[in-house]
Amino acid sequence: MQKLDDLLLFAEVVEHAGFSAAARNLGLQRSKLSRHIAELENRIGVRLLHRNTRNVVLTPAGEEVYIHAKALKQAAQNAFAVATDLAGDPKGILRIGCSSTFAQEALLPILNLFLHQYPQLRVIINTSDHNIDLISAQVDLVFRISSKLLNDSSLIIRPVCDLPMVLVASQDYMKNKEKIEYPDQLKQLNFIGLGVQKNLIPQIFTNQNNNLNTVLLEPYISCGNMSVLKSAVQHSMGVAVLPWYLCSNELKSGQFVNVFETDSAWSPQASLVNALIPTRQNILLATKLFLDFSIPQLRHNLNPALTD
């Protein structure tokens, strides 16, 4: 077989956007790494990279070869991880993707307990306010929050739980304002919305009969990060729909109030929390262990209806 390690080195150069960074990560001399890539190009007869003094750019041929080099790298990592799993306690790196708010508020307390139980594991958390693509981000597991059921044949989808949402404001903001009974009345208040678009934000509410009411709202402030929305509520800048777990302490202390009247039949529609795993990879032991460990605790922490 041709030298497969050169393909792995090529993938490292692409992912580190240059020879110097890749060489440092690999612990190789830059000149030696460059020679390996040049030999690979000579062997297959095409140029893979355009080089300049600052970075490298893939050629069209390089883009095609990189797809397979990346898959080879992932397969090699999986093979070593499986071998490690068979040898005893899980070792290596578990890569998790989720939003920054979910990581900080929901995941870290559970990870702390998990890593005490499996001290030879390391964890990389890839956070983004946008949906993380499992393949391109090279993560083993993603926690994704959505407003509707997910349906993707390329992924294994494990439902975690419903995520109750609450329409909240600070006690100070509501001091001289009336609570609302119907969703349309929300237009009278400063709405802090989740999103970064200039358009109106559709907010869905449900009642005790499972009827839906979608209200189009022009946000006073909008942001793609839930923690920023919560902070805006704390600064008495308006009302926002937040996950219950993110504001339960403030509701208990009285710092936040539910903007709907106590006898109102309406509330924000619940979201869904799912764990996603790519189907094309063997599920590693560390991923299985963390799913089995985290899902029951997430259900308990995120949804009061599931609390014993």
Side-chain angles (χ1 to χ4, degrees), residues 1-98 100 103 108 111-112 114-116 118-128 132-142 277-278 280-287 289-290:
M1 294 180 67
Q2 297 188 17
K3 292 177 64 178
L4 296 179
D5 55 344
D6 285 350
L7 282 172
L8 299 176
L9 296 175
F10 169 65
E12 288 287 332
V13 172
V14 174
E15 289 162 12
H16 286 83
F19 286 91
S20 297
R24 284 194 298 271
N25 184 64
L26 293 166
L28 289 176
Q29 293 182 350
R30 186 187 184 284
S31 58
K32 185 175 182 179
L33 177 59
S34 180
R35 186 163 61 252
H36 275 283
I37 303 306
E39 290 173 356
L40 174 63
E41 290 176 322
N42 290 333
R43 196 156 57 246
I44 62 179
V46 295
R47 180 172 290 279
L48 302 175
L49 299 167
H50 294 302
R51 301 159 172 81
N52 59 39
T53 55
R54 292 189 175 182
N55 55 18
V56 295
V57 178
L58 283 168
T59 65
E63 292 177 357
E64 294 295 323
V65 172
Y66 173 62
I67 293 172
H68 300 286
K70 181 170 68 171
L72 177 65
K73 178 184 173 183
Q74 186 64 62
Q77 290 172 339
N78 288 349
F80 282 111
V82 168
T84 299
D85 290 347
L86 294 172
D89 289 339
K91 303 179 183 68
I93 299 174
L94 173 63
R95 297 170 174 84
I96 303 172
C98 61
S100 55
L108 281 180
L111 266 174
N112 182 40
F114 180 74
L115 291 175
H116 274 89
Y118 300 102
Q120 298 187 74
L121 274 175
R122 293 172 54 209
V123 175
I124 295 174
I125 306 175
N126 185 335
T127 60
S128 174
I132 295 174
D133 179 80
L134 284 82
I135 307 305
S136 61
Q138 298 183 22
V139 294
D140 305 305
L141 164 67
V142 160
I277 311 164
R280 69 173 181 80
Q281 302 174 12
N282 295 323
I283 301 176
L284 304 179
L285 177 60
T287 306
L289 289 172
F290 185 68

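Residues R47 and T59 bring no donor and acceptor atom of their side chains to less than 3.5 Å of each other.
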Problem set entry | From CA spacing to verdict: side-chain contact (heavy atoms from CB on, under 4.5 Å), I37, L49 | CA-CA 9 Å; I37 303 306; L49 299 167; 4.0 Å; yes
For this session: Let me see the working for L111 and V123 under side-chain contact (heavy atoms from CB on, under 4.5 Å), right down to the final yes or no.
Result: CA-CA 9 Å; L111 266 174; V123 175; 3.9 Å; yes
For this session: Check step by step if side-chain contact (heavy atoms from CB on, under 4.5 Å) holds for L121 and F290.
Result: CA-CA 11 Å; L121 274 175; F290 185 68; over 6 Å; no
Problem set entry | Evaluation steps, side-chain contact (heavy atoms from CB on, under 4.5 Å), between L72 and L8 | CA-CA 7 Å; L72 177 65; L8 299 176; 3.9 Å; yes
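The minimum heavy-atom distance between F19 and L33, with the atom names listed, is O-CD2, 3.6 Å. Residues L40 and D6 share a closest heavy-atom pair of CD2-O, 3.8 Å. Here the shortest heavy-atom pairing between I132 and N126 reads CD1-O, 3.0 Å. Between L7 and A69, the shortest heavy-atom contact is O-CB, 3.6 Å. Listed here is the closest heavy atom pair of A23 and Q29: CB-C, 4.2 Å. Closest approach of A103 and T127 over heavy atoms only: CB-CG2, 3.9 Å.
The CD1 atom of I93 sits 4.5 Å away from the CD1 atom of I124 when rounded to the nearest 0.5 Å. Note: E12 CD to D5 CG = 12.0 Å, rounded to the nearest 0.5 Å. In this structure, CG in L58 is found 10.5 Å from CD in E64, a value given to the nearest 0.5 Å.
Looking only at distances, no side-chain donor or acceptor of N112 sits under 3.5 Å from a matching main-chain atom of L108. At distances below 3.5 Å, not a single donor-acceptor pair connects side-chain atoms of D140 with backbone N or O atoms of L94. A donor-acceptor pair is defined here as one N or O able to donate and one able to accept, closer than 3.5 Å; such a pair exists between the side chain of E41 and the backbone of L48.
A heavy-atom distance below 4.5 Å is found between the side chains of L26 and L9. Considering only heavy atoms from C-beta on, V14 stays 4.5 Å or farther from V56 through its side chain.
In this structure, the salt bridge (Lys or Arg N to Asp or Glu O under 4.0 Å) partners of E15, at least two apart in sequence or on a different chain, are K73.
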